Amino acid sequence: MFAVFGYRGTTVSQIAAKAGISKGLLYNYFSGKEELLHEIIRSSIAENISWVQAIYDMDLPAFEKLERLVVNL
């Protein structure tokens with residue numbers, strides 16, 4: 001929703017409807033759309049860190065690690 005309508009153009013009601021849940025249930029987990037967006041960003045960063053770390057930990061020359069990073073961007 002944020003990607004389509006932007007932060008300001010997205011409402012909690014729209015998010016809840018798209019997720020197939022009630023607005024009240026969304027508020028059980030997040031105080032509002034700002035907290036939800038922070039969690040989306042945090043989760044995305046964590047996934048990317050794990051992915052980069054996995055490539056870094058491979059027993060490969062540095063240039064091959066770089067190639068894997070660039071190909072997957």
Side-chain angles (χ1 to χ4, degrees):
M1 300 301 297
F2 295 129
V4 173
F5 300 109
Y7 178 79
R8 289 186 179 93
T10 301
T11 66
V12 172
S13 295
Q14 289 172 318
I15 295 166
K18 186 71 171 178
I21 61 172
S22 70
K23 195 163 78 168
L25 182 59
L26 191 140
Y27 279 115
N28 281 339
Y29 294 94
F30 305 99
S31 62
K33 69 179 186 177
E34 183 172 357
E35 185 180 355
L36 174 60
L37 182 57
H38 278 280
E39 178 56 27
I40 291 168
I41 293 168
R42 187 209 59 76
S43 176
S44 178
I45 289 170
E47 286 178 23
N48 283 306
I49 288 171
S50 296
W51 170 74
V52 170
Q53 186 67 51
I55 292 174
Y56 179 80
D57 291 341
M58 291 178 173
D59 187 23
L60 298 171
F63 74 91
E64 287 185 32
K65 291 177 185 182
L66 178 61
E67 286 175 350
R68 288 177 185 250
L69 288 170
V70 171
V71 166
N72 289 302
L73 291 178

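Predicted model only: the values in this text are computed from it and were never measured.
In this structure, Thr10 contributes its side chain and Met1 its backbone to a donor-acceptor pair below 3.5 Å. In terms of modelled atom types and a separation under 3.5 Å, the side chain of Lys33 and the main chain of Val12 share no donor-acceptor contact. Side chain of Gln53 to main chain of Ile49: no donor-acceptor pair is present (N/O by atom type, distance under 3.5 Å, no hydrogens or angles).
If you chain together hydrophobic residues whose side chains sit under 4.5 Å apart, Ile41 and Val52 never meet in one group. Note: the hydrophobic cluster containing Tyr56 does not contain Phe63 (ILVMFWY, side chain heavy atoms under 4.5 Å, direct or indirect links).
Between Met58 and Arg68, the closest side-chain pair of non-hydrogen atoms falls below 4.5 Å. A heavy-atom distance below 4.5 Å is found between the side chains of Glu34 and His38.
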What donor-acceptor contacts under 3.5 angstrom involve side-chain atoms of residues 14-29, with partners at least two apart or in another chain?
{"from": "Gln14", "atom 1": "OE1", "to": "Thr11", "atom 2": "N", "distance (Å)": "2.7"}
{"from": "Gln14", "atom 1": "OE1", "to": "Thr11", "atom 2": "OG1", "distance (Å)": "3.4"}
{"from": "Ser22", "atom 1": "OG", "to": "Leu25", "atom 2": "N", "distance (Å)": "3.0"}

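Put simply, CD1 on Ile55 and CD on Glu64 are 12.0 Å apart, with the number rounded to the nearest 0.5 Å. The structure places CD of Glu47 at 9.0 Å from CZ of Arg42, a figure rounded to the nearest 0.5 Å.
Every ring pair (Phe, Tyr, Trp, His ring centres under 6.0 Å) that Tyr7 has, sequence neighbours left out, goes to Phe2. In this structure Ser50 satisfies the side chain to side chain donor-acceptor pair (under 3.5 Å) test with no other residue, sequence neighbours excluded.
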